Structure formats: C-alpha cells, structure tokens
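Down below is the structure, laid out as structure tokens.
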Amino acid sequence: MNVVRLGIVGLGNMGAIHADSVLAGKIRGLKLAAVCDNNASRLGRYQGISRFASADAMIAAGVIDAILIATPHYYHVPIGAAALRAGMHVLVEKPISVHKADGERLVAAHQGRRQVFAAMFNQRTDPLYQKIRAIIQGGELGEVRRINWIITDWFRTEAYYASGGWRATWAGEGGGILLNQCPHNLDLLQWIFGQPQRVRAFCRFGRYHDIEVEDDVTAYMEFSNGASGVLITSTGEAPGTNRLEITAEGGRVVCEDSRILLTRNAVPMSEFSRKASQAFARPETTVSSIAFPDHGGQHNEVLQNFADAILDDRPLIAPAAEGLRSVELANAMLLSTWLHKTVELPLDGVAFAGMLEQQIKNSRFIKKTVSTATNEDFTKSFGR
Ligand SMILES: NC(=O)c1ccc[n+]([C@@H]2O[C@H](COP(=O)([O-])OP(=O)(O)OC[C@H]3O[C@@H](n4cnc5c(N)ncnc54)[C@H](O)[C@@H]3O)[C@@H](O)[C@H]2O)c1
C-alpha cells in the first residue's frame, strides 16, 4: 500500500477541518476516500467522495483502509471497536471514550501492532511540552515535588454550549470541561509526570454557564514519588491563564505565554536544607528562558504520523491505549466530587460507569438550544 484510503466519520467543527487538510493534500499518503455523517446536510460539500449516513455502512463498503472518528465522544467506542474488528486502522479523537470501562472495551478490540490505533492528542506535538517532558523525564532537575497547572484559558460562551444538543449534558457528552477541553491537559499531565496515585477534586457544575456538567474544576493529586499537584481549569474565566509551574529538587520550571523560565538550584533543595548552617539561606540559582513561538504541527502532524505509522511502520505520537489514562483522570475527578472523598487510582471503571448512568437517569436538565445532532440511547456504553 502506498496510499491510505481514509474515511472520516463526523463532519462537524473538527471533522471538517481534518477533511479539509486531507483534501488540500497536506497529509502525505492519505487520500479522503469516504465521509460519513448522520446529518445529511454535512455531506453535501464532499462531491465525488463516497458518502455515508452511518459508520457501519462506511466500514462495510470496502472503500477505506483507515477511519478517523470525529463524532461526539460516546460514539468513539462503538464506531472505533467496529472498525478495529473489521481490520481497519483507527485514529480516534480525544477523549477516546467517555468513561474508563467503555475505553477498555475499545482498546480490547485492537488486534495487535500491525493495526495502527492512534488518538488525536495534538498538543503532544508542541515543542514546548516536548521540552518540559524532556527536562522532567531526563532527570536534569531531579525529583519533582510539586506541580501547579492553572489552565483556565478554555473560555467558552453560552453560544458554544448551545451549538450542539449533545454538548455539556450527561447523556450526550458525559461531562464538561474534563471531557471536552481538558483531555489535552490531562493527557500531557500523565505523559510528562505519570499517572497520579490519588485524586481529590472539586468540580462545580454549571458555575458559569447554563449547563448541567462541570465548567470549573480544582483538583489535588498525589504521585507515587510523593509529589503533589493541583490542576485548576475552567471554561468560564476570561482572559484565563495557562501557567504550568513545576518545583523539583534541582529547581523550578515556569511555563507561561509560550515561554519556559528555568531556574536551576546550584545544590538540590533538600540537600541544601540539610547542609546549610544559616537559617534563612537559599541555594544559588541560575536562570534561563526559552521562547517557543512555534507550537508544532498539531492536528496535521498527528494525521501525518498516523499515515506514516501505517505506511512506514513509524512509532505513534499518541497510541490510543494511552488515552485511557486521561479518561481515567477525568472520571476520577468527577467521582471524587460526587463522593466527597479522595479517589485512589486505578479507578474502578464499572463503579464510575454506574454513577454516570445515575446522573443521566436523574437529569432533569433541558437544553435551551438543540442542534440537528441526534440523541441516542447510550446504554450500550454501560456494558448492557
Ligand atoms: N483534537 C482537538 O483539538 C479537538 C477539537 C474539537 C473537537 N474535538 C473532538 O472531536 C469530536 C467532535 O467534536 P466537534 O466539536 O467537531 O462536534 P460537532 O458537534 O461540531 O460535530 C460532530 C459531528 O458528528 C456528527 N455525528 C453525530 N453522531 C454521529 C454518528 N453516530 N455517526 C456519524 N456522524 C455523527 C454530527 O452530525 C456532527 O456533524 C469530539 O469528540 C471532540 O472532543 C477534538
């Protein structure tokens, strides 16, 4: 094979952008062979390309080798699992699933390494996050002690939430900022620092918007080496902040405004504390600053990587199975809020699915504006 015949399912905000990139020839080795959307009005502009109203029909037609899933999240699992079982390569949008148990069903359908199964974690292509990961995992600052990430620049208006019937409802989306915007940050968090061991979170539901799910989260995390972390995120604050601060034995990293400010301690802080004879002494420091004006290839780089993995056996930027961790973290933050207690990881995915199902059953929320997207019965997502 020297060209991958790609089918895209879901041609809304994100799917249409992916389709345009492939149609514009921006991705070597990918050809847009089919498109699918259950809203017929979304298909009209793709003249000359096989068009389908259902993913099952597109998968069965024999016209594609690979599928990109850009539907609302709950559909990622049934469509992804069907495509994997049919032997296709799969690229799934984030989050890979709404909840952990569902994500595990998706990952279980993966048939092995020759079948490429990737997730669209485009922020992994940002040189700034790659640099932070290299600093932390390369060990040049020693043990991490504290992580603070304020990521409140995901501002969204009421019009955004009203733009889709599925958005910001338990039945249609399964959560709010933790499921839609923040999966990128939760993925980067675990990609750089590893998965926390326990989480205590305070989600506020509809704090800033007329929605039933969380649009404001403060989460405290503990990691296996004793490091602690706080993540604060919201879609309601303008102008918002994106500031990641890492305290490690060997110094501090502050990442804000596309810049990393790296302060190195001449002596690791605990060692200095033990050895210093003066009560208020501090280690000598050196400071360097690196600007990152370029944020990498983002979505198109992940698309290119997907094609390269299929055609040339290149390693994936984001294997889909790794997407389970950000789903687990998001689920843990919701569960901790609902139970008013600290949640240990690994999370009990079945218990979480049960609680989410209760939220759906108990919901009395009525969306004021509903788009043409269908609302389906998602009970299969709970393994029934
Ligand atoms: N990686 C990113 O940066 C990024 C950015 C935006 C959205 N996303 C993800 O992309 C997905 C879609 O988000 P969006 O904002 O494009 O949503 P959207 O509502 O704009 O588009 C979804 C599309 O899917 C179609 N659809 C719904 N159910 C379908 C089904 N069963 N079969 C076929 N088509 C179906 C809808 O008709 C609609 O056209 C979400 O999972 C979201 O998290 C990722």
Side-chain angles (χ1 to χ4, degrees), residues 7-21 34-46 51-59 67-83 90-99 102-103 106 118-126 154 156 159-169 171-188 213 235 295-303 305-306 317-318 320 323 326-327 330 367 369-378 380-381:
I8 299 182
V9 51
L11 299 160
N13 293 335
M14 197 65 248
I17 292 173
H18 294 318
D20 285 348
S21 297
V35 287
C36 166
D37 202 294
N38 62 5
N39 175 350
S41 70
R42 297 265 157 102
L43 294 170
R45 59 194 284 248
Y46 301 97
R51 291 176 281 175
F52 298 90
S54 91
D56 285 344
M58 181 164 86
I59 291 166
I67 191 166
L68 194 175
I69 305 164
T71 59
H73 329 315
Y74 273 111
Y75 294 105
H76 294 181
V77 173
I79 296 173
V90 174
L91 175 55
V92 61
E93 265 295 352
K94 45 54 53 177
I96 68 158
S97 63
V98 167
H99 60 84
D102 220 11
L106 176 60
M120 182 54 84
F121 285 111
N122 45 286
Q123 294 204 12
R124 289 192 187 192
T125 69
D126 190 326
W154 288 120
R156 294 289 184 273
Y160 164 81
Y161 287 111
S163 71
W166 64 280
R167 288 192 197 284
T169 60
E173 182 157 22
I177 187 167
L178 291 170
L179 269 287
N180 198 308
Q181 291 78 23
C182 223
H184 290 296
N185 310 100
L186 298 179
D187 176 62
L188 292 171
V213 297
T235 54
H295 291 283
Q298 297 288 332
H299 304 93
N300 284 355
E301 189 170 335
V302 176
L303 282 171
N305 173 250
F306 181 58
I317 291 170
S326 44
V327 171
K367 277 210 86 156
T369 310
V370 176
S371 81
T372 46
T374 54
N375 281 322
E376 262 191 24
D377 176 2
F378 286 112
K380 281 203 198 74
S381 159

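Each ligand, and each atom within it, is numbered from 1 in the order the structure gives. On a predicted model such as this, the values are computed, not experimentally measured, just so you know.
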Closest non-hydrogen atoms of T125 and Q298, given as atom of the first, atom of the second and distance, are OG1-N, 2.8 Å
Heavy atoms of F306 and A118 approach each other most closely as CD1-CB, 4.1 Å
Any [X] heavy atom less than 4.0 Å to ligand 1:
X    : value
R167 : yes
Q123 : no
W166 : yes

Sub-4.0 Å atoms of ligand 1 with respect to non-hydrogen atoms of [X]:
X    : value
M120 : 1 (N)
A70  : 11 (C), 12 (C), 22 (C)
N39  : 37 (O)
N122 : 1 (N), 2 (C), 3 (O)

Under 3.5 Å, which donor-acceptor pairs do the side chains of residues 7-20 form with other protein atoms, sequence neighbours left out?
{"residue": "H18", "atom": "NE2", "partner": "E93", "partner atom": "OE2", "Å": "2.7"}
{"residue": "D20", "atom": "OD1", "partner": "R45", "partner atom": "NH2", "Å": "3.0"}
{"residue": "D20", "atom": "OD2", "partner": "R45", "partner atom": "NH2", "Å": "3.4"}

Beyond-backbone contact of [X] with [Y], side-chain heavy atoms, under 4.5 angstrom:
X    : Y    : value
L303 : L68  : yes
L91  : M120 : yes
H76  : I96  : no

Do Y160 and N180 meet the criterion of a side-chain donor-acceptor pair at a distance under 3.5 Å?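 Checked: Y160/N180 side chains pair up, N/O donor to acceptor below 3.5 Å.
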Can you run down the salt bridge (charged side-chain N to carboxylate O under 4.0 Å, His left out) pairs that involve residues 171-187, sequence neighbours left out, and say none if there aren't any?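 Passing the test, one end in residues 171-187: R124-D187.
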Open item on the list: Nearest 0.5 Å, please: how far is CG in L179 from CZ in R167?
Closed with: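 Going from CZ on R167 over to CG on L179, the span is 12.5 Å.
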Is it the side chain, the backbone, both or neither of [X] that has a heavy atom closer than 4.0 Å to ligand 1?
X    : answer
L179 : neither
H184 : side chain
R42  : side chain

What about P72: any of its N or O atoms under 3.5 Å from an N or O on ligand 1? no
_Test your reading of the structure: does N180 have an N or O sitting under 3.5 Å from an N or O of ligand 1?_
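Looking only at distances, the answer is no, because the N/O contact criterion of under 3.5 Å is not met.
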Closest heavy-atom approach to atom 43 (O) of ligand 1 among E93, K94, H76 is made by K94
